[in-house]
Number of protein chains: 2
Amino acid sequence: MPTIYEVAAAAGVSPATVSRVFNGANVSPEKAEAVRKAAKALAFTPSRTARTLRLQSSEVIALVIPDIENPFFTALARGVEDVARAAGYSVVLCNTDEDHDTELRYLDVALSANMAGVIIAAAGGNSDLSGLIARKCPVVAVDRSPHGVDVDAVIVDNRAGGRAATQALVEQGFQRIACITGPSDVETATQRADGWRDAVTAARPTDDRYLRYADFRVEGGAAAMSELLALPEPPDAVFVANNLMSVGALRVLSEQGKLPPATGVAVFGDLPFLPLVPIPITVVHMPARHLGTTAAKLLLERITGDDQPARTIVLRNQLTPVG
Amino acid sequence: MPTIYEVAAAAGVSPATVSRVFNGANVSPEKAEAVRKAAKALAFTPSRTARTLRLQSSEVIALVIPDIENPFFTALARGVEDVARAAGYSVVLCNTDEDHDTELRYLDVALSANMAGVIIAAAGGNSDLSGLIARKCPVVAVDRSPHGVDVDAVIVDNRAGGRAATQALVEQGFQRIACITGPSDVETATQRADGWRDAVTAARPTDDRYLRYADFRVEGGAAAMSELLALPEPPDAVFVANNLMSVGALRVLSEQGKLPPATGVAVFGDLPFLPLVPIPITVVHMPARHLGTTAAKLLLERITGDDQPARTIVLRNQLTPVG
DNA sequence: ATGAAAGCGCTAACAC
DNA sequence: GTGTTAGCGCTTTCAT
C-alpha cells in the first residue's frame, strides 16, 4: 500500500499537500491535479487506520444485535444502513447471539477501534453500557432499552401490542389463551407478556400455567407449544411474542392438526409467508426498518454533538386483524 | 481513553512492559500483576487502531454479501462468524445491495482498514477484485465465484441443482415447465437456468418464452410469475431459482388459486415455513451455513500464509422431493 | 498556498 | 527481564 509520502514524492509536493487534496483543503489547482494524477498512478488509497488514529475517530458505526438470523433485525439493519450510508458512515454488524460476553466484547471493539457510535439492541439482562457512557461514546438503544441507563432509545409499545393481540383473541371468543414469550430477562419479552396478562385478566383470572418463557427462536417456540398442548386442559389459543417462535409454534400446531382456526393465534412481529397460507392469524406489525432509520438519525445527531437529555421515541406498531 | 503510557506510569514500569503484559511476552510476575492492577483501575483497553497501524493488519475479516435480508446469506454469515470468532477474528458484515459501486467501496474499506481478509459473495457482473489481489489481501469467494479471477471459491453445483429440481417436475408429468431465475449477469442465476434447460430439453424443445430473469427478490419473483401466468399458453409448472423469489411466485399462485399441486413448483433454496403449509414443493437444499464455515476456514488458512494455488470447493446441495 | 514537524497509541528491535 | 526509541500513515498547527 502506497502512502502519502510516495504520492508526495511522485507529485513533487509535500505530504501535507497530498493530505489537503484528499481532505478538500485549499490547494492550487495545478498541484491538486498533480497529486490526483500521482495518486491514481500509484493506486493510492489513504489509510483509514492512520487517519482514525490521528483523528481519534472513524466514520464507522457499530450495530449490535442479538440474532442476525432474525429477519426483524436484518430489516432493522437495513434501516440503519440506509441513513448511515447516506451520511457517509459505514455500518458494521455485530451479532451477539444473545450472549452477554460477546456483546461486551463487541462494545469494547467499538471503543478501541474509535468507532463513531453504537446502536444496540441489547442482549438479555442488563447490558453494560457503562464503558461507552464513561467514554462519551454516542449510543442509542433500539428495540430493547437497557435497564436503568440514560441513553436515547427507539422502541415500540410492547405492552400495548401484546394487549391488543391478546384482546383480539378474547374477542374471537377463545377461553384459554396461552402466551409464549421470550427470555424472562429480556424487557420486550416481559412487556409483551404483561400485555397478554392485561387482556386475559380482564376476562378471567390470569393463569400462569399458560405462560411460557422461551428463547425468541423457532425451536423454543415449538417446544413451548408442545408443552402447552400437553397440559391437562390445553389452551385453545396462543399469543406468541415474536416472529421466529411463531414459526415453531405453528409447526407444532400443524403437526397436531390444530392450525387456526381450530386454535386461535396472535403474533407479535411479521410473518412474510403469511399471504401464502390460508391461516387466519392476528399480527402485530413491527416497524423494523423504521426503528433502524430512526435510531440511526438519533445517533448521527449525537455524533455531531447534540447534547440534549436522552430521548425515548416510541414507534407505533399496527395491529392487522385476522386474515 | 487511557493509554499504555498512563498505565505504565501508574504501575511504575515502561510502556513496553505494559505492551508485553497484554501480548503475553515475558514479564516478571510482580510487574505483570502491577500492570494488570493499574490497567483495571484505569479501565484501560488497548487501542486497536494504534495496534493495527503498527502491525499493518487487524484481526477483522470482511464478509461482503449482496442482500442482508436474504436468510440464505445470514445463515452463511453465521457460519463464517462461528469459525472466525473461534479463531479470534471479528467479522464485519458489508451489505452491497447487489450494487457494484457499493461493493467496490467496501473492498476499499477492507484494504485501507488493514483487514486480515475478505470473504465475498460477489454482486452481479464481474466484480473487481484486482485491488485486493494486487495488495495480496487474502480473498475467498463464496456462493458466487467472480468471473475469470484466480481466487479460492466455495460454491454449490448450481447447474446440477437446477437440473435435478426441474427433472423432478418432469417426472411429475408436467408439460410446460417455466423457469424464474436471477439477474442474467449473476453466475448462479444463469447456471441454475442452464440446469433447467438441460432437464426441459430432454423432454421437449426448450421454449425461452418460459424463461424469466428476475432479481432474486420477493417482488421480482411475483412479477415474473404474473407474467408467466398471463401467457397465452401459461406454464403448468415452474422452477424458481432462489428462496426469496419463490415466496413471491407462490403468493401470486395463491392469489390465482393455482397453488401446488395445481401447479408444479420446484425451488432452489430453503423455505423455512414450508413445514407449515400443506403445499407439495420440490426443494433443493442450500448448505448455507456450511458454505460460510468452509469459506472461513479457507480464508484463515490463507491469512496464516498458505500459498498453494487457488482451490474451488463444491459443496453438495441435496434434493428434497415433493413434500 | 505550502512545507516542516509533532504526535495519535502501539509494537519491536535494540541495548543493557 | 526491562527500558529506550523509532516508526506505522496520517492530520494539523505553525511558520513562511
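Order of the sequence lines fixes the chain letters, A, B, ..., with proteins taken first and strands second; residue numbering starts at 1 for each chain.
- If you check every strand for non-hydrogen atoms under 4.0 Å, B/F22 touches nothing.
- Distance A/E59 CD to D/dC10 P: 16 Å, rounded to the nearest Å.
- A donor atom on one side chain and an acceptor atom on the other are found under 3.5 Å apart for B/N23 and B/R51.
- When the options B/L298, B/V83, B/V80 are evaluated for a side chain to side chain contact (heavy atoms under 4.5 Å, CB included) with B/T293, the one that passes is B/V83.
- The nucleotide whose nearest atom lies closest to any side-chain atom of A/R54 is, among C/dA4, C/dT11, D/dT11, D/dT11.
- Listed candidates were D/dG3, C/dG9, C/dG3. Nearest to the side chain of A/T17 is C/dG3.
- Across all strands shown, A/S19 has heavy atoms under 4.0 Å from base atoms, whether or not it also approaches the sugar-phosphate.
- DNA chain D is contacted by both A/T45 and B/V27; B/V27 maps to the nucleotide lying nearer its 5′ end (nearest heavy atom per residue).
- Candidate nucleotides C/dG3, D/dA6, D/dC10 were compared by shortest atom distance to the side chain of A/V13, and C/dG3 ranks first.
- Although no hydrogens or angles enter the test, the distance criterion places no donor-acceptor pair under 3.5 Å between the side chain of B/E103 and the main chain of B/S127.
- Straight-line distance from the CG atom of B/N114 to the C1' atom of D/dC8: 9 Å, rounded to whole Å.
- The nucleotide whose nearest atom lies closest to any side-chain atom of B/S28 is, among C/dC10, D/dT2, D/dG3, D/dT2.
- Across all their heavy atoms, B/A32 and B/V21 have their closest contact at CA-CG2, 3.9 Å.
- Between the base of D/dG3 and the side chain of B/R20 there is a donor-acceptor pair shorter than 3.5 Å.
- No donor-acceptor pair closer than 3.5 Å links the side chain of B/E69 to the backbone N or O of A/R78.
- A straight line from CZ of A/R51 to C1' of D/dT12 spans 12 Å, rounded to a whole angstrom.
- Relative to the side chain of B/L53, the nucleotides D/dC8, D/dG3, D/dC10 differ in distance, and D/dC8 lies closest.
- Residue A/Y5 places a side-chain atom within donor-acceptor reach of the base of D/dC10, judged by atom type and a 3.5 Å distance cut-off alone.
- Nearest to the side-chain atoms of B/S14 among the listed nucleotides D/dC10, C/dC10, D/dG3 stands D/dG3.
- Residue-level contact check: A/L55 touches the backbone only, with heavy atoms under 4.0 Å from sugar-phosphate atoms and none from bases.
- Between B/N26 and A/A50, the residue anchored nearer the 5' end of DNA chain D, judged by the nucleotide with its closest heavy atom, is B/N26.
- When each of C/dA1, C/dC10, C/dC8 is scored by its nearest atom to the side-chain atoms of B/I4, the top-ranked nucleotide is C/dC10.
- Taking side-chain N and O atoms only, B/Q56 has no distance below 4.0 Å to OP1 or OP2 of D/dG7.
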